[in-house]
Amino acid sequence: MTDAPRLRVLAAMSGGVDSAVAAARAAEAGHDVTGVHLALSENPKSFRTGARGCCTIEDSHDARRAADVIGIPFYVWDLAERFREDVVEDFVAEYEAGRTPNPCLRCNEKIKFAALLDKALALGFDAVCTGHYATVVLREDGSRELHRASDMAKDQSYVLGVLDDRQLAHAMFPLGDTRTTKTEIREEAARRGLFVAKKPDSHDICFIADGDTQGFLAKRLGTAEGAIVDESGNRLGSHDGAYGFTIGQRKGLRIGTPAADGKPRYVLDISPVDNTVTVGPAASLDVTGLTAIRPRWCGRPPAAGTATYTAQLRAHGGETEVSAELTDAGELHLTFTEPVRGVAPGQAVVLYDGTRVVGSATIATTRRRAAAEA
């Protein structure tokens, strides 16, 4: 045990190996740990089974058994209504508006570190512990910073970039504080007697039971036939709903006419106003800059003016160098050193200063390289 103060810790236990080991480490460090599983579906049977998600009845049972092995109290909290309003309905609305949301990021922002954290603090807990791979660093002045995990292959700081200073002050990520790979985490779970040691990781959207995002959206938004056009406005085909497409998509376009150069075409733009999807060559996906809105600073805010950072544009994407300027209107203007592809409105852009997470913002618009430059 270290000299760190003993805290009352609420461990969010999804039923997977990461959250189980995180709870075990927190308890081993001498903290007073209570495990909680979040019931996020009004009908749990509608969520994925077979250990692919994190919100099923199976997962709840797995979390309870892990808590029993660790020797900590365990509860199930019903946050289904809040999850439906803040995550599921937001997901549908964003696609309907032609944007590409990240429901895991929204869940961290609105559920795990808002609804759950607020309830935990009201009950006298000091911190919420999760199995995310990221690191919280305490500075000499008492402020906190969020940094990437030591295992870059498992780093999850991108989906935590929405956490503000208050939330960071009550966040605990035991898996990111040590140089531990996922293989070692599984081995540790086995040594601790946690049978979830071999349970597969969850990769899919937990509230889409069969993994069919387009089918899920169609049931809620209905079908609406629209045109698929090229950059000149020529009609190439039709679709059943613009919401079923994402920027950069190549497969499933159902275009009968091949491109003149014989090369694949990609989704370049989605217009919900006229229900039109525009496709074109890969070079037309090159984005040189973007405007992002609703920035949330992770710890201390950046200094005024223009600064150079690296940016991550998707959960498992790489970093790219950017010049960033925060306007008086609260918008974030980014210019990429080199063009990037597959950038869509609705996605989150997370800024880094080395390994430190500076903050996150939602992409509103993108700027593409002029055709003459492509």
Side-chain angles (χ1 to χ4, degrees), residues 10 12-16 18-19 36-49 52-60 63 76-120 128 130-132 134 156-164 167 171 201-221 243-244 246 272 292-296 298 313-316 344-350 360-364:
L10 187 69
M13 303 182 70
S14 66
D18 292 330
S19 60
V36 62
H37 179 79
L38 305 183
L40 301 179
S41 174
E42 294 166 345
N43 176 19
K45 292 183 179 179
S46 69
F47 279 33
R48 179 171 286 100
T49 59
R52 289 291 294 166
C54 59
C55 313
T56 68
I57 294 176
E58 297 171 11
D59 295 316
S60 175
V76 176
W77 286 0
D78 184 0
L79 294 179
E81 183 176 355
R82 181 74 180 267
F83 184 79
R84 176 180 56 80
E85 294 174 353
D86 290 342
V87 180
V88 180
E89 291 182 1
D90 173 80
F91 178 84
V92 174
E94 286 293 285
Y95 266 105
E96 186 177 21
R99 295 186 288 265
T100 304
N102 185 315
C104 294
L105 186 148
R106 193 67 62 235
C107 183
N108 286 329
E109 177 187 2
K110 299 292 187 178
I111 304 300
K112 292 178 182 174
F113 292 96
L116 176 62
L117 177 59
D118 290 345
K119 188 171 182 178
V128 167
T130 74
H132 287 101
Q156 294 174 307
S157 60
Y158 173 86
V159 296
L160 297 170
V162 291
L163 303 188
D164 59 23
Q167 292 167 323
D201 290 341
S202 58
H203 298 289
D204 305 310
I205 299 172
C206 67
F207 55 84
I208 299 181
D210 57 3
D212 180 8
T213 300
Q214 190 164 351
F216 174 85
L217 292 170
K219 290 178 182 177
R220 284 154 180 79
L221 299 175
Y243 56 76
T246 57
I293 57 176
R294 298 191 298 274
R296 290 174 61 90
C298 208
L313 298 162
R314 55 184 63 85
H316 303 292
Q347 288 178 330
V349 54
V350 177
S360 173
T362 302
I363 299 172

Look up atom [atom1] in [X] and atom [atom2] in [Y], then write down how far apart they are to the nearest 0.5 Å.
| X | Y | atom1 | atom2 | result |
| --- | --- | --- | --- | --- |
| Thr100 | Ile363 | OG1 | CD1 | 9.0 Å |
| Leu40 | Cys107 | CG | SG | 6.0 Å |
| Leu105 | Lys110 | CG | NZ | 11.0 Å |
| Arg314 | Tyr158 | CZ | OH | 8.0 Å |
| Ile111 | Arg106 | CD1 | CZ | 11.0 Å |
| Thr213 | Ile208 | OG1 | CD1 | 3.5 Å |

Derivation and outcome, side chain to side chain contact (heavy atoms under 4.5 Å, CB included), residues Leu38 and Phe83: CA-CA 10 Å; Leu38 305 183; Phe83 184 79; over 6 Å; no
Partner set under ring-ring contact (aromatic ring centres under 6.0 Å, His included) for Phe91, not counting sequence neighbours: Tyr95, Phe207
Atom of [X], atom of [Y] and distance for their closest heavy-atom approach:
| X | Y | answer |
| --- | --- | --- |
| Cys298 | Leu160 | SG-O, 4.1 Å |
| Gly15 | His37 | N-ND1, 4.5 Å |
| His132 | Gln156 | CA-OE1, 3.1 Å |
| Tyr243 | Ala218 | OH-CA, 3.3 Å |
| Glu109 | Val162 | CB-CG2, 3.5 Å |
| Gly346 | Thr362 | O-CG2, 3.9 Å |

Under the side-chain contact (heavy atoms from CB on, under 4.5 Å) test against Phe216, which residue among Gln214, Arg220, Lys219 passes? Arg220
Salt bridge (charged side-chain N to carboxylate O under 4.0 Å, His left out) involving [X] - partner list, sequence neighbours excluded:
| X | answer |
| --- | --- |
| Arg99 | Glu94 |
| Glu89 | Arg84 |
| Asp118 | Arg166 |

Not counting sequence neighbours, which residues clear side chain to side chain donor-acceptor pair (under 3.5 Å) with Asp86? List them please. Arg82
Under the side chain to side chain donor-acceptor pair (under 3.5 Å) test, residues paired with Ser19 that sit two or more places apart: Ser14
